[in-house]
Amino acid sequence: MKLIKPSYKIIDNLDPIYILEKIEMCARTCYKSNLSNNFEQTKEFLRKIIHVRKHESVIEHFSFTVNFIIDRGVSHEIVRHRLASYSQESTRYVNYSKDKFGNQLTFIIPEWLPELEDGEYYYDIRNNVCYNNKNVEVDECTIKYLKELLNIEITYLDLIKGGWSAEKARDILPTATKTEIVVSANLREWRHILKLRTDFAAHPQMREIMRPFLDELKEKIPVIFEDIEY
């Protein structure tokens, strides 16, 4: 059994000059006004349009794609957002007993178990303990959690070995199972997603991945995302 932390990667090149100048051109079409003379004027114009006038439809003209590695529970929440395109790792067709997956299942480390580290975990039946190659000490609840994941892995592999297809054996996979999902959305939808998913009401594991994602966007294209706080 392998445990990893969640991660994300922005696939597209977010060139702020290209993005904002494109959006300005689209926005000024509505008002038949002249383009700005420099980039600073472009930014101020868009701040007024987006944050003061709330004319957010103009930012729908730019989209970008992100690759998330998260657990299936978090992915189930992300795909509820309607105005986006998704391509997700399929447990119907992916057989984790194959060599390319290390003949094992991979799970995402929960945000509330920071003591766990990336790596392979094992169960010592004789001593009734779970451990990894770094000998991380964990409490009783965490041991129970790890044992359950290990038992699920054993059962999954046994079902495959017994002749079940991956799409049948997947019925026992928990929401902790690692999944990879590629998400494409326009800037307006990303704003909507990040307002909801960085809030304190969001699931801890959702906040864990979405807050650094928002912070990166604030650095790359601040005009679009700088007003979103968490």
From the list H76, Q205, K178, side-chain hydrogen bond (donor to acceptor under 3.5 Å, both in side chains) partner of D71 resolves to Q205

Does any donor atom in the side chain of [X] or [Y] lie under 3.5 Å from an acceptor atom in the other side chain?
X    : Y    : answer
S85  : S184 : no
Q88  : E180 : no
R197 : H203 : no

Sidechain-backbone polar pair: [X] side chain, [Y] backbone, donor-acceptor under 3.5 Å:
X    : Y    : value
H51  : V223 : yes
N67  : V182 : no
K32  : T29  : no
S90  : R92  : yes
R207 : A202 : yes
D118 : K5   : yes
T177 : L173 : no
E153 : L105 : yes
E24  : S36  : yes

Pair [X] + [Y], salt bridge at N-O below 4.0 Å:
X    : Y    : answer
E60  : R188 : yes
K220 : E216 : yes
R191 : D227 : yes
R47  : E226 : yes
E40  : K43  : yes

Can you tell me how far the [atom1] atom of [X] sits from the [atom2] atom of [Y], to the nearest 0.5 Å?
X    : Y    : atom1 : atom2 : value
M210 : K195 : CE    : NZ    : 15.0 Å
N34  : R28  : CG    : CZ    : 7.5 Å
I70  : E89  : CD1   : CD    : 10.5 Å

Give me the ring orientation class for Y156 and Y96: parallel if the planes are under 30° apart, tilted from 30 to 60°, perpendicular past 60°.
-> tilted

Anything under 30° is parallel, anything over 60° is perpendicular, the rest tilted; go ahead and classify F62 against Y18.
-> perpendicular

Applying salt bridge (charged side-chain N to carboxylate O under 4.0 Å, His left out) to E148 and not counting sequence neighbours gives none

Determine, for Y31 and R53, whether the Lys NZ or Arg CZ falls below 6.0 Å from the six-membered ring centre while staying within 45 degrees of the axis.
-> yes

Please determine if R211 forms a cation-pi arrangement with F200, meaning its NZ or CZ atom is less than 6.0 Å from the six-membered ring centre and no more than 45° off the ring axis.
-> yes

